[in-house]
Amino acid sequence: MSLALARKYRPATFDDLIGQEAVSQTLSQALDGKRLSHAYLFSGLRGSGKTSTARIFAKALLCQKGENSHPCGICPNCTMASENSHMDIIEMDAASNRGIDDIKDLIEHTKYKPSLARYKIFIIDEVHMLTPQAFNALLKTLEEPPDFVKFILATTDPLKLPATILSRTQHFRFKKIPQPLILKHLEHILDLEKVGYEREALDIIARSGAGSLRDSLTLLDQAIVYSKNFVDVATVTNMLGIIEPGLLEALLSSIMNKNTPQILAFIKTATEYEAEMILDEFTLYLKELLLDEKNTFSPMIIERFFRILAESKHLLSLGSDGEFVLSLALFKMMEALELRDIDTMIRGLEQELKGVEVSQIIVTTPETPLNHEVTVITENDIVPAPLIQKPNSTPLSQSNAVDTEMPIPATPIQHSPANTLFEKLVAKLYDRDYDLGACFERNIIFENFIDKELTWGSMAEGEDKKILTTHWGLISHFVQDIFGVDTKITNIAKKKGDTPPSIGKESVQELALVHEDADATSMIEEVEMKSSCIAPDAGETEAAKEKDPSTLFDEPMIKEAIALFDPKKVRIKRNA
């Protein structure tokens, strides 16, 4: 009588185990080093070799030549162990003997010494099926059995075992057997059986086995019979009811070429298959494409196709019509090719903006930092910042000041280090408060900066003088911040029209603050600065709640926008 391949080619030694090198090596070294435990737990996928390993280990323990990793195989103990007829190897199926009475009988057997060998070995398969009462009854014996008793437990679901059982055993985890190893083993068996085959057909069988060698051998047995001793792709796919890989390859080509007639023809052909099976096979085919070194499809396209297939599987789980779901999925995959991937868009923008250099970044914030707008200014559309007005012109609104470029005289200005510092002061006032910066610029004329004394002329009158007086604390603070803490400010009163400011497009005009009497300086310095967050007594005013405008550039979105567009300038303003 012929045996099933799974039984005929069951491993007989540790060297015969497929894909479980860590387990076989550990057990072999334990046998050779005489470092044996009283209880072992083998867990893993079905068909991964748990029961076969337990029998090999039991035979190695009972061999008359002694405990070693390579039993002789010819002594009476080895012979009986190989034939599953040894009296001292007791196998128990916990799925059918799961009650407390069955465990009591097993415990009773542990009281008697072995009949023939040095150990009495109990192999309990599917141990997770025992009842809680049976587990509790086994605990004490499992923890401290007699010296001549060994327990080997096997399970496919170790999570169902109580922690008290796990803590009393050495746990060996059997891995899912890799598909290449299963394929190699199937080829070896067919060579021994002298059966012809196609490698692609065996690959389908190994993949269908899903990591279980026993399942793969069972399918191989069936394929040998169905194919009349020649295992090829056509017979295997017909036997398993799956679609041939060649059809999937042609289908993917039709989708990429947007060949609607061929896709419709495939849908008609696919009516004899289950839609769920086609989706599963297509998913596996995409996986192979992704891992193929010669793959010409981008991961982005494969990811889109996978999402569509996953959504279609969900629709099938809701009871939708299989043919309709499959048709919808294929046409959605074809439409997915129309979408440009993000990387392509970014590269296109980089090419368009290539060559634009950043000269400076200017931040202008209103008193209430809400509803900001980012304006990107390229090298062909440069607006001088801060924008200024002539002294006698009508004040501009904030939005006009940001977006309008005023006519500027072309008279050049000779710059010195002190001039540059004064320009920085004007720019900082603009950044802090646009109206204050404009007022300061209209009325202030820079004179000189010598020996920590800053001298300027002032033409301020009426409302402008009131504004500068109110914000004197802020102006003084900025002066000390830019020119130095010990800087002394000297005001020189001037009349409008004495020295009209000369303004260049590339610079900021040097202007001044006017006071009518000699004691004006001390009087202004005592004024409380209610509109600035720098003033200690600002209280709950809106200005006291303002944040530093420069922190806006720490926002992730602003960083990404600047990195992407590489702008000439970035200005922030409040929406009207």
*Spacing of Ile123 atom CD1 and Ile152 atom CD1 [to the nearest 0.5 Å]*: 5.0 Å
*Judged by atom type as modelled, is there a donor-acceptor pair below 3.5 Å linking the side chain of Ser52 to the main-chain atoms of Gly49?*
no
*Distance-only, no hydrogens or angles: does the Asp32 side chain make a donor-acceptor pair with backbone N or O of Ser69 under 3.5 Å?*
yes
*asked:* Has His38 got a side-chain atom pairing as donor or acceptor with Phe151's backbone, closer than 3.5 angstrom?
replied: no
*Look only at the side chain of Thr269 and the backbone of Ala265, and say whether a donor-acceptor pair between them is shorter than 3.5 Å.*
yes
*How far does CD of Glu143 sit from CZ of Arg168, to the nearest 0.5 angstrom?*
4.0 Å
_Is there a side-chain contact (heavy atoms from CB on, under 4.5 Å) between Val231 and Leu186? Walk through the geometry before answering._
CA-CA 11 Å; Val231 183; Leu186 296 182; over 6 Å; no
*Ring center gap for Tyr40 and Phe57 short of 6.0 angstrom*: yes
*Side-chain donor-acceptor pair under 3.5 Å between Thr156 and Arg46, yes or no?*
no
*Do side-chain atoms of Arg214 reach the backbone of Ala6 as a donor and acceptor pair under 3.5 angstrom?*
no
*Roughly how far apart are Ser253 OG and Gln262 CD, rounded to 0.5 Å?*
7.0 Å
*asked:* Between Ser312 and Ala329 (side chain of the first, backbone of the second, donor and acceptor by atom type, cut-off under 3.5 Å), is there such a pair?
replied: no
*Determine whether Leu161 and His171 make a side-chain contact, defined as any pair of heavy atoms from C-beta on separated by less than 4.5 Å.*
no
_For Arg98, side chain to side chain contact (heavy atoms under 4.5 Å, CB included) partners two or more places apart_ = Met129, Leu130, Thr131
*When you look at OH of Tyr9, are more than 12 heavy atoms from neighbouring residues, nucleotides or ligands closer to it than 6.0 Å?*
yes
*Nearest heavy-atom pair of Ala58 and Ile89: which atoms, and what distance?*
CB-CD1, 3.9 Å
*From Ser43 OG over to His128 NE2, what is the distance, rounded to the nearest 0.5 angstrom?*
11.5 Å
*Taking only Lys NZ, Arg NE, NH1 and NH2, and the carboxylate oxygens of Asp or Glu, determine whether Arg307 and Glu311 approach each other closer than 4.0 Å.*
no
*Side chains of Asn259 and Phe266 in contact at under 4.5 Å (non-hydrogen atoms)*: no
*Considering non-hydrogen atoms only, spot the tightest contact between Gly19 and Leu181 and give its length.*
CA-CD1, 3.7 Å
*Is the distance between the ring centroids of Phe230 and Tyr197 less than 6.0 Å?*
no
_I need the minimum non-hydrogen distance between Asp203 and Leu183, along with the two atoms involved._
N-CD1, 3.7 Å
*More than 12 heavy atoms of other groups within 6.0 Å of Met87 CE*: no
*Within-4.5 Å side-chain heavy-atom neighbours: Asn238 and Tyr226*: yes
*Are Asp125 and Lys50 ion-paired here, with the side-chain N under 4.0 Å from a carboxylate O?*
no
_In the structure I gave you, are the side-chain heavy atoms of Asp102 and Leu106 within less than 4.5 Å of one another anywhere?_
no
*Can Arg207 and Glu281 be counted as an ion pair, charged N to O under 4.0 angstrom?*
yes
*asked:* Less than 4.5 Å apart, side chain to side chain, heavy atoms only: is that true for Phe282 and Leu252?
replied: yes
*Judged by modelled atom types alone, do Lys59 and Ser82 share a side-chain donor-acceptor pair under 3.5 Å?*
yes
_Test item: Ile182 and His185 side chains (from C-beta on) under 4.5 Å apart, heavy atoms_ = no
_Which atom of Ile107 lies closest to which atom of Ala137, heavy atoms considered_ = CD1-O, 3.2 Å
_Keeping Ser48 on the side-chain end and Gly44 on the backbone end, is there a donor-acceptor pair under 3.5 Å?_
no
*Do Gln29 and Arg35 come within less than 4.5 Å of each other through their side chains, counting heavy atoms only?*
no
_Check: Gln133 and Ile103 side chains under 4.5 Å, non-hydrogen atoms_ = no
*asked:* Evaluate Ile56 against Phe14 for side-chain contact (heavy atoms from CB on, under 4.5 Å), listing each step before the verdict.
replied: CA-CA 7 Å; Ile56 295 170; Phe14 287 116; 4.0 Å; yes
*Can any side-chain N or O of Lys120 pair as donor or acceptor with the backbone N or O of Ile90 at less than 3.5 Å?*
no
_Tell me whether Glu126 contacts the main-chain N or O of Asp93 through its side chain, where contact means a donor paired with an acceptor under 3.5 Å._
no
*For residues His86 and Asp88, report the shortest heavy-atom separation together with the two atoms involved.*
ND1-N, 3.0 Å
*Please report the shortest heavy-atom distance between Gly47 and Ile177, naming the atom on each side.*
O-CD1, 4.1 Å
_Just by distance, no angles: are the side chains of Asn229 and Glu193 close enough, under 3.5 Å, to form a donor-acceptor pair?_
no
*Taking atom CD of Glu249 as the centre, does the number of heavy atoms from other residues, nucleotides or ligands within less than 6.0 Å exceed 12?*
no
*Do His70 and Thr13 meet the criterion of a side-chain donor-acceptor pair at a distance under 3.5 Å?*
no
*Run the side-chain contact (heavy atoms from CB on, under 4.5 Å) check on Val23 and Leu17 step by step: do they pass?*
CA-CA 9 Å; Val23 174; Leu17 289 174; 5.6 Å; no
*Quick one: pull up CD1 in Ile308 and CD in Glu335 and give me the separation to the nearest 0.5 Å.*
9.5 Å
_CD-CG distance between Gln170 and Leu36, expressed to the nearest 0.5 angstrom_ = 9.0 Å
*Flag yes if more than 12 heavy atoms outside Lys194 fall under 6.0 Å of its NZ atom; otherwise flag no.*
no
*asked:* If only side-chain N and O atoms count, and only distance matters, is there a donor-acceptor pair under 3.5 Å linking Asp221 with Thr218?
replied: no
*Among Ile243, Ile204, Asp232, whose side-chain contact (heavy atoms from CB on, under 4.5 Å) with Thr237 holds?*
Ile204
*Given the rule in the side-chain contact (heavy atoms from CB on, under 4.5 Å) test, do Asn136 and Ile100 qualify, once you have shown the distances and angles that lead to the verdict?*
CA-CA 9 Å; Asn136 292 333; Ile100 188 172; over 6 Å; no
*Any chance CD of Glu274 has more than 12 other-residue heavy atoms, nucleotides or ligands included, within less than 6.0 Å?*
no
*asked:* Looking only at side-chain N and O atoms, does Glu67 offer a donor or acceptor that is under 3.5 Å from a partner on Tyr119?
replied: yes
*Spell out, as yes or no, whether a donor-acceptor pair under 3.5 Å connects the side chain of His188 to the backbone of Lys184.*
no
